[in-house]
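A short write-up of the structure that comes next.
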Protein chains: 2
Amino acid sequence: MLIRTSCRQESFADSIFSVRSPEVLTSEFRARSLKVTPQRQLLFRLLHGHTGHPTAEALYAEASAQMPGISLRTVYQTLNDLVSMGELSSLQFAGSSTRFDPNVDDHHHARCDECGELRDVYVDHFDSLLVSGFAGFTPERASIVFGGVCADCG
Amino acid sequence: MLIRTSCRQESFADSIFSVRSPEVLTSEFRARSLKVTPQRQLLFRLLHGHTGHPTAEALYAEASAQMPGISLRTVYQTLNDLVSMGELSSLQFAGSSTRFDPNVDDHHHARCDECGELRDVYVDHFDSLLVSGFAGFTPERASIVFGGVCADCG
DNA sequence: ACTGGTGATCGCATTCGATGCTAATTCGCA
DNA sequence: TGCGAATTAGCATCGAATGCGATCACCAGT
Ligand SMILES: [Mn+2]
Ligand SMILES: [Mn+2]
Ligand SMILES: [Zn+2]
Ligand SMILES: [Zn+2]
C-alpha cells in the first residue's frame with residue numbers, strides 16, 4: 001500500500017473541529033420542540049471542544065463527575081438525538097462500542113490496531129480515485145478507514 | 001462528492017472471487033493441527049463460490065439445511081478460525097451483525113443505506129490520494145466504504 | 001483395524017452494548 | 001402559576017457473540 005502524505009499536515013493539526021456551540025444546539029433543540037434540560041446542556045458543553053471520539057460510556061463518566069445521578073440512558077438518548085439531527089456522527093468498529101464523533105466535517109479516520117486509538121485524517125484528491133463495480137449503485141458518501149499502528153504503540 | 005467510475009467496470013463483474021477451495025482449506029487446517037470435521041467441510045463448501053457477504057446466522061441457516069443439528073456455535077468457531085488464518089475477512093457495520101467476506105482480494109465496499117446490501121468495488125489510483133493528519137501513525141491498510149442507494153432501492 | 005489423546009462439537013450460561021418501557025418528574029408555553 | 005407534553009432514570013429486555021465443559025470424534029501411531 002502506498003499512501004501519499006500531504007505537506008499540509010501541520011495546517012490541519014491547528015484546526016479544531018467540534019460539535020456546534022451549546023447555544024446553537026439549544027436553539028436547534030428548541031426548534032424541534034425538544035426540551036433543553038440540564039442533562040442535555042451538560043452534554044452540549046462536554047461535546048463542545050471535544051476533539052476525540054468518545055464512547056457513550058466515556059461521556060457518561062465525564063457527565064457523572066459533574067452531575068451525579070445522570071443516567072446512561074439519558075446520555076444515549078441525547079447522543080442519538082444529536083446524531084439524527086446531524087450535529088454529531090457515529091462510528092462503529094469491530095470489537096468495540098460505538099464512537100461518537102463531534103467532528104461532522106468531511107473527514108476520514110486512522111485507527112490503531114493495537115490500542116484502538118482513532119484520529120481524524122483529511123484526504124485530498126479523492127476524486128482521482130477510479131472505482132469499478134458500482135453497476136446501478138448510486139454513491140453518496142464515502143468513508144476511508146486506515147488501519148495501522150499509532151505513535152505510542154509503534 | 002465526486003467519484004470517477006472506471007470504464008473497466010464490466011471486466012471486474014466477470015471475475016469471481018471467493019474463499020479458497022475446500023481442498024486447500026483442508027490442507028491449511030491439517031497443517032495447523034486443526035481437525036477436518038464434517039461440519040467444517042460443509043462450511044468450506046458453502047463458502048467456496050459464495051460471492052456475497054453472509055452473516056454467521058445466514059451461513060448457519062444454509063448449513064442447517066444440509067446438516068440438521070449443526071450448532072451456531074460451531075459455525076462461529078469455524079468462521080473465526082478462517083478469519084484468523086486470513087482465509088476469510090470480516091466486516092462490521094452499524095446496526096447489523098458481522099458480515100463475513102469470502103473475498104480476501106484487495107477490494108472495498110458499497111453499502112445501501114436502505115437495505116444494507118453490500119457489494120464489492122475495486123479502486124484504482126488509490127495512491128494518488130493525499131492524506132494529512134497521520135503525524136506518527138503508520139498506515140498499513142485502508143478500507144473504503146461507499147454509502148448510497150442500490151439499484152433495487154433507488 | 002484399533003486405540004489413545006487431543007481437539008471439536010454443541011448446548012447452555014453469560015457478557016456487553018444498546019434499546020424498550022413507564023411512573024414520576026420537569027420543561028416551556030400561555 | 002398551571003397545564004400538557006416531553007424527559008428522565010431505572011429496570012427489563014434484546015441480540016450478537018463468546019465462555020465453559022461434558023461428551024464426541026478425528027487421526028497419528030501402532
Ligand atoms: Mn473523526
Ligand atoms: Mn467484499
Ligand atoms: Zn496505538
Ligand atoms: Zn438497497
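Letters go in sequence order (proteins before strands), and every chain restarts at 1. Note that the coordinates shown come from a computational prediction; the quantities given were computed from them, not determined experimentally.
Hydrophobic clustering (ILVMFWY, side-chain heavy atoms < 4.5 Å, transitive): A:Phe134 and A:Phe126 are in one cluster.
If you look at A:Tyr76 and A:Tyr60, their ring centroids are not closer than 6.0 Å. A ring-centre distance under 6.0 Å is found for B:Phe29 and B:Phe44.
Residue B:Leu34 is classed as a sugar-phosphate contact, given heavy-atom separations below 4.0 Å to backbone atoms only. B:Thr98 comes within contact range of the sugar-phosphate backbone alone, with a heavy-atom separation under 4.0 Å but no base atom that close. The residue A:Thr55 sits apart from the nucleic acid: no heavy atom pair falls under 4.0 Å.
Looking at B:His109 and B:Asp101, their side chains do bring a donor and an acceptor atom within 3.5 Å of each other.
For B:Asn80, whose side chain is taken as the heavy atoms from C-beta onward, the closest listed nucleotide among C:dG17, D:dT18, C:dC10 is D:dT18. Here the side chain of A:Lys35 is nearest to one of D:dT8, C:dT26, C:dG17, namely C:dT26. For A:Thr74, counting side-chain heavy atoms from C-beta on, the closest listed nucleotide (D:dT8, D:dA17, C:dA8) is D:dT8. For B:Pro38, taking side-chain heavy atoms from C-beta onward, the closest of the listed nucleotides D:dC26, C:dA18, D:dA17 is D:dC26. Picking from D:dA16, C:dT9, C:dC10 the nucleotide with the shortest atom distance to the side chain of B:Ser71 gives C:dC10. Side-chain proximity of A:Tyr76 to C:dT19, C:dT9, C:dT6: nearest is C:dT19. With C:dG7, D:dA17, C:dT9 as the choices, the nucleotide that has an atom nearest any side-chain atom of B:Gln39 turns out to be C:dT9. Taking the side chain of B:Arg73 as heavy atoms from C-beta on, and the options D:dA16, C:dC12, C:dG28, the nearest nucleotide is C:dC12.
Straight-line distance from the CG atom of B:Leu72 to the P atom of D:dG19: 14 Å, rounded to whole Å. A:Arg99 places its CZ atom 16 Å from the C1' atom of C:dA18, with the value rounded to the nearest Å. Atom CD in B:Gln77 sits roughly 14 Å away from atom P in C:dG7 (whole-Å rounding). Nucleotide D:dT7 holds its P atom 17 Å from the CG atom of A:Leu42, rounded to whole Å. Rounded to whole angstrom, the span from the CZ atom of B:Phe29 across to the P atom of C:dA8 amounts to 9 Å. Atom OH in B:Tyr60 sits about 14 Å away from atom P in D:dA17, given to the nearest Å. A straight line from CD of A:Glu57 to P of C:dC16 spans 11 Å, rounded to a whole angstrom. Atom CG of B:Leu79 and atom P of D:dA17 are 10 Å apart (whole Å).
Within 3.5 Å, no donor on the side chain of B:Arg32 pairs with an acceptor on the base of C:dG7, nor the reverse.
The pair B:Arg40-B:Asp81 counts as a salt bridge, with a side-chain nitrogen and a carboxylate oxygen less than 4.0 angstrom apart. With respect to A:Glu87 and A:Arg20, a salt bridge is recorded, a charged nitrogen being found less than 4.0 Å from a carboxylate O.
Positionally, the nearest nucleotide of DNA chain D for B:Ser97 lies more toward the 5' end than for the other of B:Ser97 and B:Val36.
Remark: B:Ser33 is not in phosphate contact with C:dT6, judged by side-chain N or O atoms under 4.0 Å from OP1 or OP2. OP1 and OP2 of C:dC27 both lie 4.0 Å or more from every side-chain N or O belonging to A:Arg30.
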